[in-house]
Undergrad: 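Quick one: the structure is below, questions incoming.
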Amino acid sequence: MHKLKLLIISIFTLFIYNYSFGQYTVEWAKTFGGDGWDEANTCVETREGFYMAAGFARWQEHNLWAVKMYPDSRDRWAKTFVEYSTTSAKSMIQTELDSAIVITGYIIKKREFQSDLLLLKIDTLGNIIWQKTYGGSSNEEGLKVIETKDHCLAICGYSSSNVDGEPNWYVIKTDSYGNLMWEREFGGSNDDRALSIAETFDGGFVVTGYIGGGDGGQKLMSLIKLDKDGNDEWSQTYYYNNWCAGAGVVATRDSNIVIAGYTRPYPILDYDVLVVKCDMNGDTIWSTTYGNENWDEATDIIQTYDDAYVVCGFSSSNSRDISSFLMLKYDSRGNLIWERVLKRKSQDYAKCVVETRDNGLLLAGTTSAWGKNWDMAVLKMKNVERSDMKFSFPADSVSTTVENKMQFKFCLNSFGIPTNVRVTVNDVEQVNFSEFKKLPPDQQQKDCDYPLAYTVNLVPGKNVVKFIVKDYKRYEFIKERTVYLLPKYDVVR
């Protein structure tokens with residue numbers, strides 16, 4: 001493992017900073033790269049408040065490469081992994097179990113000609129914890145990794161180690177150490193690939209991608225529902241044109257499914273963004289497309305704090321060798337709220353979008369301007385209308401009492417959905433509350449979304465009372481107060 005020299009290219013920043021998107025404005029934009037082809041395929045915000053992007057760096061070899069950034073975009077470290085092999089990162093998460101980083105992609109070992117699915121676990125300093133590969137006699141690749149509710153890992157991609165030798169959907173589940181629990185393969189005799197996976201509320205999974213249509217390499221968007229053990233429950237194919245695919249999928253908070261991808265009428269080379277919302281049986285609730293004379297393609301989708309959906313991708317002119325970061329936001333009914341194309345005289349492709357803890361957006365991809373090398377591009381969008389989860393609390397941090405019980409009242413304001421409040425006294429849990437219902441505006445107390453009150457038991461002497469709130473993005477917010485319980489006879493009356 002070695003460090004790759006970073007070059008910060010200001011051209012990306014100079015053109016992007018002029019953009020303001022109503023709800024979002026550009027906070028910063030940076031590129032990272034060396035003398036070769038450097039690309040980001042995935043990104044994440046860590047719970048310590050840093051940003052990471054990963055993909056590959058073609059320096060001396062084609063190496064898996066990750067960059068960790070401070071919130072102001074300064075790089076903290078950049079490292080390549082798995083030397084003496086050809087590797088790339090396709091998807092990355094931070095686990096809730098131990099806050100480590102798990103990356104999936106592929107590896108082609110020296111003196112071998114086929115790729116294996118790669119699963120790599122590193123700490124937040126970039127040190128390798130463990131590395132696993134999965135595969136057969138032909139090519140395998142991991143394209144999306146998620147952490148499950150039971151703190152295991154689920155990965156989707158493709159495998160060509162079958163009788164036909166054509167790529168098939170490949171889905172595996174491992175424990176937190178990367179030990180294989182089960183693997184499933186779906187597909188036929190054409191090119192079939194699973195591009196994204198999400199865990200559903202029942203502990204199962206939905207997987208999207210495309211199945212090959214045969215003639216002319218046509219594709220059809222498909223969705224498969226699996227149970228928690230990987231057994232096929234149902235599958236749906238969505239036909240909008242002769243050619244369409246699902247690139248990203250989310251299991252929504254209203255227990256439905258939203259897929260984003262692309263579609264085009266064959267043989268016309270004019271792709272449009274395709275977004276489909278369906279229920280838990282795969283039946284379509286609504287669908288919508290976005291596009292004009294350009295090549296418009298979605299590469300990732302997330303659900304945001306306000307129950308809307310942000311899609312990222314690119315918009316490319318067919319007449320000029322130019323493409324641009326594309327961002328779309330849809331409400332829960334499929335109406336387009338806003339659309340933004342970050343036009344520059346360059347080729348820019350967004351591959352990943354995540355919502356940050358300040359309810360902004362982090363995008364990562366690749367860029368090449370005016371014949372220069374390809375570089376990793378990272379863009380941070382600030383939310384100018386909404387902020388972090390906040391809750392008010394009694395101002396005094398230290399107090400005394402002669403009562404062995406004390407009630408705390410505070411107001412939780414959240415533009416997303418809080419998932420849990422825990423109250424501890426001297427690190428011993430006394431309250432664990434997870435049933436939240438937002439008050440209608442006419443019942444809110446001084447603009448308070450969630451008025452909360454808890455009574456805790458105190459012990460003689462020092463009591464450190466902590467209120468720990470977790471939001472739907474799994475971030476924790478902690479408030480603390482120290483209370484001294486005094487014996488009644490020590491109180492001067």
Undergrad: Is the backbone N or O of Leu326 less than 3.5 Å from a side-chain atom of Ser315, with the two atoms forming a donor-acceptor pair by type?
TA: no
Undergrad: For the atom pair CG (Leu120) and CD1 (Ile107), what is the distance rounded to the nearest 0.5 Å?
TA: 9.0 Å
Undergrad: Can you name the nearest heavy-atom pair linking Ala251 to Glu199, along with the distance?
TA: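 Distance-wise, the nearest heavy atoms are CB-O, 3.3 Å.
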Undergrad: So do Asn241 and Arg264 actually touch side chain to side chain, heavy atoms under 4.5 Å?
TA: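 No, side chains not in contact.
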Undergrad: Which atom names give the shortest non-hydrogen contact between Lys121 and Ala100, and what distance separates them?
TA: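 Looking at all heavy atoms of both residues, the closest pair is CE-CB, 3.4 Å.
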Undergrad: Checking side-chain polar atoms at under 3.5 Å, does Thr263 have a donor or acceptor matched by the opposite partner on Asp272?
TA: no
Undergrad: Check whether the SG atoms of Cys312 and Cys352 are less than 2.5 Å apart, and answer yes or no.
TA: no
Undergrad: Side chains of Ser222 and Trp169: closer than 4.5 Å at any heavy-atom pair?
TA: yes
Undergrad: Minimum heavy-atom separation for Ser346 and Thr367, please, with both atom names.
TA: OG-OG1, 4.3 Å
Undergrad: Please determine which of Asn179, Leu180, Thr104 meets the side chain to side chain contact (heavy atoms under 4.5 Å, CB included) test together with Lys132.
TA: Asn179
Undergrad: How many angstroms lie between CG in Leu64 and OH in Tyr106, if you round to the nearest 0.5 Å?
TA: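 Reported value, rounded in 0.5 Å steps: 9.5 Å.
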Undergrad: Could you check whether atom OH of Tyr70 has more than 12 heavy atoms from other residues, nucleotides or ligands sitting under 6.0 Å from it?
TA: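 Counting other residues, nucleotides and ligands, OH of Tyr70 exceeds 12 neighbours.
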Undergrad: Any side-chain to backbone donor/acceptor pair from Ser323 onto Asp348? Under 3.5 Å, distance only.
TA: yes
Undergrad: Are the side chain of Glu39 and the backbone N or O of Trp374 linked by a donor-acceptor pair below 3.5 Å?
TA: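 It does not hold such a pair.
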Undergrad: Going by distance alone, is a donor N or O of one side chain under 3.5 Å from an acceptor N or O of the other, for Glu141 and Tyr158?
TA: yes
Undergrad: Within the structure provided, determine whether Trp234 and Leu223 are in side-chain contact (heavy-atom separation under 4.5 Å).
TA: yes
Undergrad: Apply the side chain to side chain contact (heavy atoms under 4.5 Å, CB included) test between Phe186 and each candidate in Ile224, Asp192, Asn168; give the one that qualifies.
TA: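 The single option meeting the side chain to side chain contact (heavy atoms under 4.5 Å, CB included) with Phe186 is Ile224.
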Undergrad: Sort out for me which residue in Glu183, Arg184, Arg193, Glu140 forms a side-chain hydrogen bond (donor to acceptor under 3.5 Å, both in side chains) with Tyr170.
TA: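 It is Glu183; the other options fail the test.
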Undergrad: Evaluate Asn383 against Tyr24 for side chain to side chain contact (heavy atoms under 4.5 Å, CB included), listing each step before the verdict.
TA: CA-CA 5 Å; Asn383 191 324; Tyr24 298 95; 3.9 Å; yes
Undergrad: Taking the side chain from Lys149 and the backbone from Thr200, do they hold a donor-acceptor pair closer than 3.5 Å?
TA: yes
Undergrad: Tell me whether Glu27 is salt-bridged to Lys382, with the criterion being a basic N under 4.0 Å from an acidic carboxylate O.
TA: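 So Glu27 does not pair with Lys382 through a salt bridge.
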Undergrad: Would you please test Tyr51 and Val378 for side chain to side chain contact (heavy atoms under 4.5 Å, CB included) and show each step?
TA: CA-CA 10 Å; Tyr51 304 136; Val378 184; 5.8 Å; no
Undergrad: Starting at CD1 of Ile128, measure out to CD1 of Ile122 and round the result to the nearest 0.5 Å.
TA: 8.0 Å
Undergrad: Counting the benzene-type ring for Trp, do Tyr349 and Phe314 have ring centres under 6.0 Å apart?
TA: yes
Undergrad: What do the steps show when you test Asp375 against Lys30 for side chain to side chain contact (heavy atoms under 4.5 Å, CB included), and what is the final call?
TA: CA-CA 10 Å; Asp375 290 289; Lys30 288 291 180 68; over 6 Å; no
Undergrad: Would you find a donor on one side and an acceptor on the other, under 3.5 Å apart, between the side chain of Trp243 and the backbone of Tyr262?
TA: no
Undergrad: Begin from the C-alpha positions of Trp65 and Phe32 and carry the test ring pair (Phe, Tyr, Trp, His ring centres under 6.0 Å) through to its verdict.
TA: CA-CA 11 Å; Trp65 185 38; Phe32 304 88; 7.4 Å; no
Undergrad: Does a donor on one side chain and an acceptor on the other come within less than 3.5 Å for Ser434 and Asn420?
TA: no
Undergrad: Within the distance-only criterion (no hydrogens, no angle test), does the side chain of Gln94 pair as donor or acceptor with the backbone N or O of Val44 below 3.5 angstrom?
TA: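 Not confirmed, Gln94 side chain does not pair with Val44 backbone.
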Undergrad: Can you check whether Tyr238 reaches Leu274 side chain to side chain, under 4.5 Å on heavy atoms?
TA: no
Undergrad: Taking all atoms of both residues into account, what is the closest heavy-atom pair of Met181 and Asp175, and its distance?
TA: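 Residues Met181 and Asp175, closest heavy atoms: SD-N, 3.5 Å.
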Undergrad: Stepwise, does the side chain to side chain contact (heavy atoms under 4.5 Å, CB included) test hold for Asp202 with Met280?
TA: CA-CA 10 Å; Asp202 59 358; Met280 284 297 293; 4.3 Å; yes
Undergrad: Quick check: does any side chain N or O of Lys68 sit under 3.5 Å from a backbone N or O of Phe50, one acting as donor and the other as acceptor?
TA: no
Undergrad: Taking Gln303 for the side chain and Arg253 for the main chain, is one N or O donor matched with an acceptor at less than 3.5 Å?
TA: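 Here the side-chain-to-backbone pair exists.
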Undergrad: Would a distance-only check, ignoring hydrogens and angles, find a side-chain to backbone donor-acceptor pair under 3.5 Å from Asn294 to Asp296?
TA: no
Undergrad: Per the salt bridge (Lys or Arg N to Asp or Glu O under 4.0 Å) rule, what does the pair list look like for residues 226-237, sequence neighbours excluded?
TA: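 Checked against salt bridge (Lys or Arg N to Asp or Glu O under 4.0 Å) - neighbours excluded - the pairs reaching residues 226-237 are Lys225-Glu233.
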Undergrad: Within the structure provided, determine whether Tyr290 and Val275 are in side-chain contact (heavy-atom separation under 4.5 Å).
TA: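 Counting from C-beta outward, Tyr290 and Val275 never come under 4.5 Å.
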Undergrad: Apply salt bridge (Lys or Arg N to Asp or Glu O under 4.0 Å) to residues Arg74 and Asp72 and explain how you reach the verdict.
TA: CA-CA 6 Å; Arg74 291 178 297 121; Asp72 62 2; 2.8 Å; yes
Undergrad: How long is the straight-line distance from NZ of Lys343 back to OG of Ser324, given to the nearest 0.5 Å?
TA: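 So the gap between those two atoms works out to 7.0 Å.
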Undergrad: Could you check whether any side-chain heavy atom of Val102 comes within less than 4.5 Å of a side-chain heavy atom of Glu147, counting everything from C-beta outward?
TA: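 No - every pair of side-chain heavy atoms lies 4.5 Å or more apart.
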Undergrad: Between Ile155 and Leu119, is any pair of side-chain heavy atoms under 4.5 Å apart?
TA: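 They are in side-chain contact.
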Undergrad: Could you state the interatomic distance from CG (Asp116) to OG (Ser138), rounded to the nearest 0.5 Å?
TA: 10.0 Å
Undergrad: May I ask you to check whether Tyr475 and Arg47 show a side-chain donor-acceptor distance below 3.5 Å?
TA: no
Undergrad: Any side-chain to backbone donor/acceptor pair from Glu355 onto Tyr305? Under 3.5 Å, distance only.
TA: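 Yes.
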Undergrad: What I'd like to find out is whether the side chain of Glu166 reaches to under 4.5 Å of the side chain of Asn190, using heavy atoms alone.
TA: no
Undergrad: How long is the span from the CD1 atom in Ile103 to the CG atom in Asn41, to the nearest 0.5 Å?
TA: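 One finds 11.0 Å between CD1 of Ile103 and CG of Asn41.
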